[in-house]
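What follows is one structure encoded as structure tokens, with my remarks underneath.
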Amino acid sequence: MSESAVITAEAAESAALLLVDDNPRNIQLLASLLAAEDLDLAYATSGEEALESVENGDFDLILLDVMMPQMDGFETCKRLKANPAAAHIPVIFLTAKTEPEGALEGFASGGVDYVTKPFHGAELLARVNTQLELLRHRRRLAERNAALEREIERRKQTERELWELHQQSRSFLENMRDFACQRDLGGCPSKVNAAGRMLLDTAEDVPPAALCEAWRRLVHPQDLPMLAALFSTHPEGSEYIRIEYRLRVGSDWRWIQALMEAAKRPDGAIHGYYSVERDVTEQKQAEAARIRELEDFDGVTGLRNRNRFIQEARYLLGARPPEAPVALMMLSLDRLGRVRDTLGYSVADLLLQLAAERLRSHLHGNDLLARVGDNEFSILLKDLADYAEAAQVAQRLRHLMRRPYQAEGYTLHVTASLGIASEPTADADAAALLQEAAVATEEAKRRGGDQELHFRAAYSRLAWDHVTLEGDLRLAMGLPDLELHFQPQVRLGDEALVGAEVLIRWNHKDHGLLGPNRFIPLAENSGLIIPLTEEILRRLIGHIRSWEAGGLVVPTMAVNLSGQHFRRPRMAAELAAILAEGRIEPDRLELEITETSVIDDPQQTIGILEELRGLGFQLAIDDFGTGYSSLSYLHQLPVDKVKIDRSFVQGLPADASSRRIVGSIIDLSSGMGLSTIAEGIEQRAQAQFLTERGCRQGQGYLYGRPMGADEFASRLTQPSSIDPSATPREGGP
């Protein structure tokens with residue numbers, strides 16, 4: 001073992017030493033012996049300098065030379081010990097004296113040890129280590145003593161707090177107005193507060209058995225079996241019990257609500273319950289009255305609800321003169337769901353209240369008004385001069401709904417769709433009229449909203465078709481009835497295959513092969529578009545993995561996203577999770593979004609697009625040029641590609657307006673560093689014009705119709721060929 005190994009790592013840790021000697025060579029020798037021991041060393045060449053160093057520093061040990069001019073080591077040590085801030089620092093004297101008197105004088109002045117010169121390295125290190133170890137143990141002992149004192153004080157404080165809490169609890173329980181008690185596992189009260197003793201008419205020192213009997217005598221006979229069954233189901237106790245029962249107070253039966261929490265022993269075993277019991281009779285009576293009110297009236301607008309409306313409408317229809325004209329209208333606020341999704345329920349409810357107030361103020365007193373759905377109002381028009389007047393009222397109300405609303409600092413614009421049902425016969429039924437008005441309203445919304453329609457029988461058939469088709473679509477999820485088709489996308493220069501747009505087709509059992517125009521709007525309106533898109537992605541992943549397993553090179557796949565995706569803040573993470581599940585990287589896909597998706601909520605959409613791009617997805621604007629604010633937002637969108645809508649391509653190259661629009665789109669995109677792809681290319685002349693103008697990619701019947709997975713897989717083996725089945729023709733696909 002080397003000499004330097006004498007000082008232990010624990011003793012040397014964070015130890016600071018002051019070396020004091022008037023001979024620099026001695027200091028150098030000491031430093032060389034101690035340098036390898038991970039010690040923090042400081043130096044002084046006189047007693048005065050040593051005292052000054054101690055004043056300005058914090059040391060754990062001082063090695064002090066005895067023989068120094070002006071102030072020797074003994075005097076220096078005496079002054080150190082006289083300083084309360086330094087008295088604790090151990091001092092080892094360094095001396096050439098070997099006489100016992102010198103050592104005794106050193107100990108008398110406050111030293112703890114001494115080392116004779118010339119230094120013997122191992123001895124010096126051993127003595128330093130001894131003092132540092134003692135110092136470390138003193139510190140640990142002091143820390144333990146301090147911790148013990150803190151623990152003793154904490155326990156004393158806890159005892160004081162527990163005593164105070166006990167006193168407060170006793171005082172609180174005794175003075176509280178509610179009935180408070182301690183119950184055993186069988187539910188019998190064993191201790192009660194003053195309010196409980198007054199309620200049960202018992203004395204303070206009554207034994208538990210008598211107390212339980214007094215309570216049982218007052219409980220309603222019909223509730224006793226229920227209470228017994230409740231506690232018997234928890235023979236070892238329950239953490240929490242809430243129960244209501246009836247108790248006789250004077251000559252009345254009062255409803256008591258008991259909230260019970262387990263009373264536990266130190267080992268955690270439950271031995272009973274602490275119960276606070278309150279008279280809730282008035283509350284239950286108010287709730288019952290409120291329930292009766294809610295059975296007839298809407299809680300948001302205060303209007304009649306559907307049931308009350310039908311009841312009153314039936315009475316009014318039955319009481320009218322046989323041939324008096326009557327009409328029933330349903331008014332639905334368009335896009336109320338969007339207000340609720342973006343601004344919250346409170347704003348949407350306030351908007352409903354404002355709309356209801358407008359309707360109240362613009363209808364006759366004899367007209368019947370109700371809220372019959374989430375965003376629907378029904379109106380029974382009486383005292384009509386003729387049926388034409390109903391249409392006039394509907395038009396007036398529709399224009400009334402258009403006026404701006406001020407709600408919680410927002411200026412809101414909503415429109416309304418109205419359906420009108422009228423029945424000239426005397427036996428008109430209110431429920432049937434309401435259903436007809438609802439069908440007409442739904443058809444008005446399907447046509448774009450902000451209009452009024454009279455009921456026609458054809459609307460019922462159309463609505464029924466929508467309902468059945470929606471049900472069939474829900475069932476088709478996960479079945480082979482839904483098929484993916486792929487339309488090739490090529491590089492215009494050499495017609496090499498560069499990608500494909502993924503399309504969905506539905507092989508319906510009754511209607512045959514349905515294109516997206518038949519069921520995608522239905523999926524949008526019914527909320528099925530999100531799970532349908534997930535279905536498309538999972539099937540696409542399956543095709544990609546199958547093709548690649550067969551040795552095929554699969555190009556970029558373009559998938560359309562709905563505007564509803566951008567109302568879901570976690571949409572990007574959800575899509576990435578689906579791809580991660582299928583072990584497909586996001587950069588394999590190009591996500592196509594429409595301009596209207598951006599227009600509805602630009603800031604949220606842009607944020608989601610940035611998140612998608614950060615995950616690696618490629619992004620494209622679909623049907624570019626058809627939205628009314630394309631140029632306003634294009635420069636803000638984190639997209640890679642612009643897709644020129646087929647409506648502009650069809651007129652090429654003959655139509656001058658189409659040439660200007662397409663040229664402008666290509667120039668604009670190029671200036672922003674975006675690539676362009678034209679859809680709907682069917683003629684060579686169109687492709688030539690687009691190529692000459694700088695468009696790099698295209699898709700359309702010239703290069704291939706949408707095709708099934710097997711046919712597209714065959715196409716992947718010939719990436720630069722044109723689909724031989726694609727026959728150029730005039731018009732769109």
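A heavy-atom distance below 4.5 Å is not found between the side chains of L579 and L615. The side-chain heavy atoms of I578 and E574, taken from C-beta on, include no pair separated by under 4.5 Å. Considering only heavy atoms from C-beta on, L397 comes within 4.5 Å of L363 through its side chain.
Within the model, atoms CD1 of I681 and CZ of F689 stand 11.5 Å from one another, a figure rounded to the nearest 0.5 Å.
Of the candidates E679, Q487, R646, Q487 is the only one forming a side chain to side chain donor-acceptor pair (under 3.5 Å) with Q699.
Every side chain to side chain contact (heavy atoms under 4.5 Å, CB included) that D640 has, sequence neighbours left out, goes to R613, Q618, L619. When the salt bridge (Lys or Arg N to Asp or Glu O under 4.0 Å) test is applied to K382, no partner is found at least two apart in sequence or on another chain. Every residue two or more places apart in sequence or in another chain that forms a side-chain hydrogen bond (donor to acceptor under 3.5 Å, both in side chains) with D655 is listed here: S658.
Between the side chain of H565 and the main chain of S562, a donor-acceptor pair closer than 3.5 Å is present. Under a 3.5 Å cut-off, the side chain of S664 and the backbone N or O of R660 do form a donor-acceptor pair.
Taking each heavy atom of F377 and V372 in turn, the nearest pair found is C-CG2, 4.3 Å. The nearest pair of heavy atoms linking I310 to A430 is O-CB, 4.0 Å.
Salt-bridge check for K643 with E590: failed, with every basic side-chain N at 4.0 Å or more from each acidic carboxylate O. Ion pair E357/R360 flagged as a salt bridge, since at least one NZ, NE, NH1 or NH2 atom sits closer than 4.0 Å to an Asp/Glu carboxylate oxygen.
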Can R398 and D450 be said to form a salt bridge (charged side-chain N to carboxylate O under 4.0 Å, His left out), step by step? CA-CA 7 Å; R398 182 167 60 84; D450 193 20; 3.3 Å; yes
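For the residue pair Q406 / T411, a side-chain donor-acceptor distance below 3.5 Å is found, with atom types taken as modelled.
R705 forms a cation-pi arrangement with Y701, by the criterion of a distance under 6.0 Å to the ring centre and an angle within 45° of the ring axis.
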